[in-house]
Amino acid sequence: MFIADLRSDTLTRPTPAMRQVMAQAEVGDDVFGEDPSVLALEAHTADLFQREAALFVASGTMANQIAIRLHTRPGDEALVGRHAHSILYETGGAAVLSGVTLREVGLNGIFTRQELESEILPLNIHHSVTRLVMVENTHNRAGGRVFPLEDLRAIRALTQTQQLALHMDGARIFNACLASGVEPAVYGALVDTLSCCLSKGLGAPVGSMLVGDREVMREARRIRKQLGGGLRQAGILAAAGEYALRHHVERLREDHTRALQLAQALQGLPGIGLERLPETNIVLFTFCQEERAAAWLVARMEQEGVRILAMNATTLRAVLHLDVTQEAVDGACLAFQKVLSPLASS
Ligand SMILES: *Cc1c(COP(=O)(O)O)cnc(C)c1O
């Protein structure tokens, strides 16, 4: 019996209403700049973040890689939070596509101005030039944590005095906005470029956005073409993204509530470690009991109809999203209880 697939919020499938607008989308050749649905999505996104321009790209990875190229030259380095998406999950793209090294700052994905300042390299014949800082909001590997606004403001002040570019990997920026009460435009004003995913909890099948100044986005468009990301009648996809922005942002709150419910159900079960309750839609936890660890729990939960993801030998992730109903969360909580409770007496 299938209950829920909690491995990732990328698993969402377009809803019937979303498919309807996709089928009816007006399209043109977007490489010629003539796809009205793409242009509308770009204008809407730019407006949301109160920036001059936005670019529709194939994936969050492409958005980050374009941002790295925009802000650096070969031989430069970018500073990123520990376990950033760009360092763990983008196949070394910064090295290959931009000739840039990445270096981690801080202990858990989030970092402070002080932690950043101590890592900026002085201009010196020995060093790479520190040119770019990237913040991830929310932070995936830190368990969907929101980057605190006060830290962002302090980091921005520092990057400005040091003439460093600042990019926000906002794959889940709307989760951050709802959890923190900070408007998208406030985050938009703090960075040079910002990316966000339409294809995660928002439920669009494909696509991410990159926003920034008009001139910078013009160059981003050129880099996107070079990477093979110039799409033609992309309006079919853009229409899904536009629909997601209009109809699926507010409901992310439900995912946050359900993540908290799941975390509270896990807390105290045998072998489970939960360092902190989730702030958004990602429940990060550990499992280790005698010889049993993450792989064992993944396999047992699969038998109960609940799919979760092992991040390493003992760390696991359960992610809430559009396709996980309240009923499914209730079912998943019961399944965890059924699998783990008997371990107490063993
Ligand atoms: C998912 C994700 C991305 C981009 O992922 P794609 O699968 O390439 O769309 C970027 N950054 C973070 C933090 C993510 O979680």
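Atoms within a ligand are numbered from 1 in the order they appear, just like the ligands themselves. Being a predicted model, the structure only gives us computed values, none of them experimental. Values reported hereafter were calculated over all heavy atoms of this structure, with side chains retained and with hydrogens, waters and symmetry mates removed.
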Decide yes or no on side-chain hydrogen bond (donor to acceptor under 3.5 Å, both in side chains) for His83 and Glu104, but give the supporting numbers first. CA-CA 7 Å; His83 287 171; Glu104 292 182 324; 4.9 Å; no

Any sub-3.5 Å donor-acceptor pair from Asp35's side-chain atoms to Gly235's backbone N or O? yes

Is Thr61 in polar range of ligand 1, meaning some N or O pair under 3.5 Å apart? yes

Does the side chain of Glu77 pick up a donor-acceptor pair with the side chain of Thr130 at under 3.5 Å? yes

One residue to check: Ser59. Relative to ligand 1, which of side chain, backbone, both or neither has a non-hydrogen atom less than 4.0 Å away? both

Atoms of ligand 1, numbered as shown, that sit under 4.0 Å from any heavy atom of Asn64: 10 (C), 11 (N)

Is atom 6 (P) of ligand 1 in close reach of the protein, with a heavy atom under 4.0 Å away? yes

Between His321 and the options Leu202, Asp9, Leu252, the side chain to side chain contact (heavy atoms under 4.5 Å, CB included) test singles out Asp9

For atom 2 (C) of ligand 1, closest protein heavy-atom neighbour: Lys200 NZ, 2.1 Å

Would you kindly say whether Arg300 and Gln303 are connected by a side-chain donor-acceptor distance under 3.5 Å? yes

If we only count N/O pairs under 3.5 Å, is Arg172 in contact with ligand 1? yes

Does the side chain of Gln162 come under 3.5 Å of the side chain of Glu117 through a donor N or O and an acceptor N or O? no

Heavy-atom distance to atom 11 (N) of ligand 1: which of Thr10, Asp169, Val319, Asn140 wins? Asp169

Parallel, tilted or perpendicular, as decided by the 30° and 60° cut-offs, for the rings of Phe285 and Phe336: perpendicular

Report the nearest protein non-hydrogen atom to atom 4 (C) of ligand 1: residue, atom name, distance rounded to 0.1 Å. Gly60 CA, 3.3 Å

Looking only at N/O atoms, are Ser208 and ligand 1 under 3.5 Å apart anywhere? no

